[in-house]
Amino acid sequence: MGCWTARVQYRHAPAANHAALDAVLASAPGRPTLPVRLTVELAGRARVHLPADAPLTVWDPCCGAGATLTVLGLLVPGLARLVGTDADPGPLDLARRNLALLDPGGLTARAADLEALAARHDKPSYAEAATAVRTLVPASAPAWSVTPADARDTAAVRSALAGAGPYGTGPDLVLADLPHGHRTTWAAAADDEDPGVEFLRAVATALRPDAVVVAVGRGRTVPLPGGARPLERVRAGHRAAVLVRAGALQEG
Ligand SMILES: C[S@@+](CC[C@H](N)C(=O)[O-])C[C@H]1O[C@@H](n2cnc3c(N)ncnc32)[C@H](O)[C@@H]1O
């Protein structure tokens with residue numbers, strides 16, 4: 001168990017060309033998304049701490065346009081269910097549109113849309129995007145849901161997570177790209193606590209103690225509640241990530 005911060009070595013996500021994903025994923029203006037390779041790497045690292053081969057339920061408690069969840073569904077095998085929640089309902093239609101790519105026929109329908117746009121506007125870039133989309137085969141075929149919920153609103157979160165996980169045991173893994181920057185500020189936090197710490201504490205109350213939480217922020221480190229020991233910390237460019245058991249957050 002390492003608590004130091006290491007520059008990320010990509011052990012679970014080989015370098016790959018993700019142009020097809022860029023062509024197919026819709027993003028909300030001003031809401032930067034987590035890099036694809038880092039998303040897959042962090043999921044792979046989290047999986048090491050979870051029962052091998054069990055189908056996973058993943059919750060993104062600040063899902064925005066759903067890019068993180070959709071990337072996981074497209075590239076990571078063994079995902080049974082994806083749950084997205086966000087305090088801001090604004091980008092959730094985009095999240096539904098992105099996650100619908102994982103439904104049977106979702107990618108084919110998007111490729112056909114792009115081909116129709118190419119024909120209507122005589123734009124080769126749409127046709128190239130359609131060709132790229134037709135190369136994609138989702139690694140998982142998860143059920144998914146998207147619901148507005150402030151992560152600190154216990155009742156709203158419990159309702160969004162109802163029935164999640166095998167036998168309703170809740171999410172196994174949380175992957176959260178924490179708010180940062182101009183457009184993705186925190187919904188108001190208690191004055192006396194770091195908003196990220198308050199967020200993580202609240203998220204943990206909805207989880208089994210053995211669930212793994214991965215939180216990614218800008219800057220040197222992601223603060224944890226006092227005394228909570230991480231499983232691992234990593235840095236990638238200007239981002240810092242932490243992997244921590246929900247139980248450690250509940251005790252911290
Ligand atoms: C960096 S964005 C996440 C981007 C997302 N992963 C994607 O793929 O599009 C951070 C999100 O956190 C949301 N947010 C801010 N405070 C929140 C809170 N208290 N509970 C839930 N979501 C919150 C913002 O609305 C924003 O959509």
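One-based numbering, in listed order, for ligands and for the atoms of each. When a residue number appears, it is its place in the shown sequence, counting from 1.
Summarising the geometry of Ala65 relative to Asn98, their closest heavy-atom pair is O-ND2, 2.8 Å, with the distance given to 0.1 Å.
Residue contacts with ligand 1 leave out Pro91, since none of its heavy atoms falls under 4.0 Å from the ligand. Every heavy atom of Leu69 sits 4.0 Å or more from the atoms of ligand 1. Assignment of Asp60 to the shell around ligand 1 is supported, since a heavy atom sits closer than 4.0 Å.
Heavy atoms of Pro61 found under 4.0 angstrom from ligand 1 belong exclusively to the backbone.
Atoms of ligand 1 lying under 4.0 Å from at least one heavy atom of Leu178, given by number and element, are 1 (C). Using a 4.0 Å cut-off to heavy atoms of Ala65, the atoms of ligand 1 that qualify are 7 (C), 9 (O). Within ligand 1, the atoms closer than 4.0 Å to a non-hydrogen atom of Asp88 are 25 (O), numbered from 1 in the order shown.
The pair Arg134-Glu115 meets the salt-bridge criterion, since a charged nitrogen lies less than 4.0 angstrom from a carboxylate oxygen.
For His121, the side chain to side chain contact (heavy atoms under 4.5 Å, CB included) partners at least two apart in sequence or on another chain are Leu117, Lys123, Tyr126. Residues forming a side chain to side chain contact (heavy atoms under 4.5 Å, CB included) with Glu41 (at least two apart in sequence, or on another chain): Val8, Tyr10, Arg11, His12, Ala13, Arg45.
Of the options Leu200, Val222, Val213, a side-chain contact (heavy atoms from CB on, under 4.5 Å) to Val244 is made by Val213 and by none of the others.
Trp59 and Asp172 share no side-chain donor-acceptor pair at under 3.5 Å.
Between Pro179 and ligand 1, not a single N/O pair is under 3.5 Å apart. Of the polar atoms of Ala67, at least one N or O is found under 3.5 Å from an N or O of ligand 1, judged by distance alone. Of the N or O atoms in Thr33, none lie within a sub-3.5 Å distance of an N or O in ligand 1.
Residue Leu136 holds its CG atom at 8.0 Å from CG of Leu75, rounded to the nearest 0.5 Å.
In this structure, the side chain of Arg245 engages the main chain of Asp210 through a donor-acceptor pair within 3.5 Å. At distances below 3.5 Å, at least one donor-acceptor pair connects side-chain atoms of Arg208 with backbone N or O atoms of Thr169.
Between the choices Cys63, Ala26, Gly64, the shortest heavy-atom distance to atom 7 (C) of ligand 1 belongs to Cys63. Among Val157, Leu34, Asp150, the residue whose heavy atom lies closest to atom 18 (C) of ligand 1 is Asp150. Relative to atom 17 (C) of ligand 1, the option among Ala151, Pro148, Ala87, Cys62 with the closest non-hydrogen atom is Ala87.
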